[in-house]
Amino acid sequence: MRALIIGGGIGGLTTAIALRRVGVEAVVFERAGDLRENGAGISIWTNAVKALEKIGLSDVVRSDGQDGGGQQEIGGTIRTASGRKLMALPVGALEKRFGPSVV
Ligand SMILES: Cc1cc2nc3c(=O)[nH]c(=O)nc-3n(C[C@H](O)[C@H](O)[C@H](O)COP(=O)(O)OP(=O)(O)OC[C@H]3O[C@@H](n4cnc5c(N)ncnc54)[C@H](O)[C@@H]3O)c2cc1C
């Protein structure tokens, strides 16, 4: 079986890796000429870390992530334009309850 995947974003590339690991040939078609950093960071939350674990990618994502394997404190607040705090992200509590995330 051969799978054709349109788009080499996180979804397309992860799908291709997962399919290849179960023996399905997967070819990714990406319209962008090259894959490069766009200057944004990404937090990978617990549910995504668990999905990456299932396809054997969580270790490499953890070791290549900026947190160096969970050493950096993750967190933040959501504020109005004037700076008034609307809520804090209780990342520590979420990780305790659901499992680790990666920055
Ligand atoms: C600034 C920013 C910060 C974010 N931070 C987080 C975060 O911290 N945590 C988190 O979980 N999510 C975050 N997100 C959301 C996350 O980046 C997206 O949900 C995720 O990248 C979506 O992945 P995707 O593979 O579905 O789509 P995309 O990453 O959009 O990839 C789609 C790919 O398909 C290609 N494509 C489209 N049409 C075609 C075509 N016709 N032919 C060939 N190729 C095509 C595009 O060029 C693109 O490369 C953030 C998003 C932004 C913009």
Side-chain angles (χ1 to χ4, degrees):
M1 187 192 297
R2 188 173 191 219
L4 306 181
I5 297 168
I6 310 302
I10 292 173
L13 294 178
T14 306
T15 302
I17 292 168
L19 287 171
R20 286 179 185 175
R21 293 200 172 185
V22 293
V24 175
E25 183 191 353
V27 182
V28 178
F29 294 87
E30 170 54 53
R31 70 178 167 191
D34 56 349
L35 297 177
R36 58 187 191 294
E37 291 181 20
N38 66 6
I42 189 165
S43 301
I44 301 177
W45 296 101
T46 305
N47 52 349
V49 171
K50 285 182 178 162
L52 292 173
E53 262 167 24
K54 285 210 163 158
I55 58 170
L57 287 180
S58 60
D59 286 345
V60 70
V61 168
R62 277 199 189 98
S63 65
D64 285 359
Q66 291 292 316
D67 73 346
Q71 300 304 304
Q72 182 177 309
E73 190 180 332
I74 309 167
T77 54
I78 296 176
R79 295 175 182 267
T80 64
S82 63
R84 186 170 61 85
K85 186 161 93 178
L86 295 174
M87 68 170 286
L89 297 172
V91 177
L94 291 173
E95 286 195 323
K96 248 187 215 150
R97 181 161 177 200
F98 298 110
S101 52
V102 178
V103 176

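Only this structure's heavy atoms are used, side chains among them; waters, hydrogens and symmetry mates stay out. Note that this is a predicted model, so its numbers are computed, not measured.
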Is a side-chain donor or acceptor of [X] paired with a backbone partner of [Y] at a separation under 3.5 angstrom?
{"X": "Arg20", "Y": "Glu25", "answer": "no"}
{"X": "Thr46", "Y": "Gly99", "answer": "yes"}
{"X": "Thr14", "Y": "Gly11", "answer": "no"}

Over all atoms of both residues, closest heavy-atom pair of [X] and [Y]:
{"X": "Ile5", "Y": "Ala26", "result": "CD1-CB, 4.1 Å"}
{"X": "Arg62", "Y": "Val49", "result": "NH2-CG1, 3.3 Å"}
{"X": "Gly12", "Y": "Val28", "result": "O-CG2, 4.2 Å"}
{"X": "Thr80", "Y": "Leu86", "result": "CG2-CD2, 3.7 Å"}
{"X": "Leu19", "Y": "Ala3", "result": "CD1-CB, 3.7 Å"}

request  = Answer yes or no: are there more than 12 heavy-atom neighbours, outside Met87 itself, under 6.0 Å from its atom CE?
outcome  = yes
Verify the cluster assignment for [X] and [Y]: are they in a single hydrophobic cluster under the rule of side-chain heavy atoms below 4.5 Å apart?
{"X": "Ile6", "Y": "Val27", "result": "yes"}
{"X": "Val22", "Y": "Leu13", "result": "yes"}
{"X": "Ile17", "Y": "Val61", "result": "yes"}

task = Could you pull out all residues at least two apart from Lys85 that satisfy side-chain contact (heavy atoms from CB on, under 4.5 Å)?
result = Thr77, Arg79, Ala88
Spacing of [atom1] belonging to [X] relative to [atom2] belonging to [Y], to within rounding of 0.5 Å:
{"X": "Leu94", "Y": "Arg97", "atom1": "CG", "atom2": "CZ", "value": "8.5 Å"}
{"X": "Asp59", "Y": "Leu57", "atom1": "CG", "atom2": "CG", "value": "9.5 Å"}
{"X": "Glu95", "Y": "Trp45", "atom1": "CD", "atom2": "CH2", "value": "7.5 Å"}
{"X": "Ile55", "Y": "Thr15", "atom1": "CD1", "atom2": "OG1", "value": "8.0 Å"}

query = What pairs meet the salt bridge (Lys or Arg N to Asp or Glu O under 4.0 Å) rule with one or both residues in residues 28-43, with sequence neighbours excluded?
reply = Asp34-Arg36
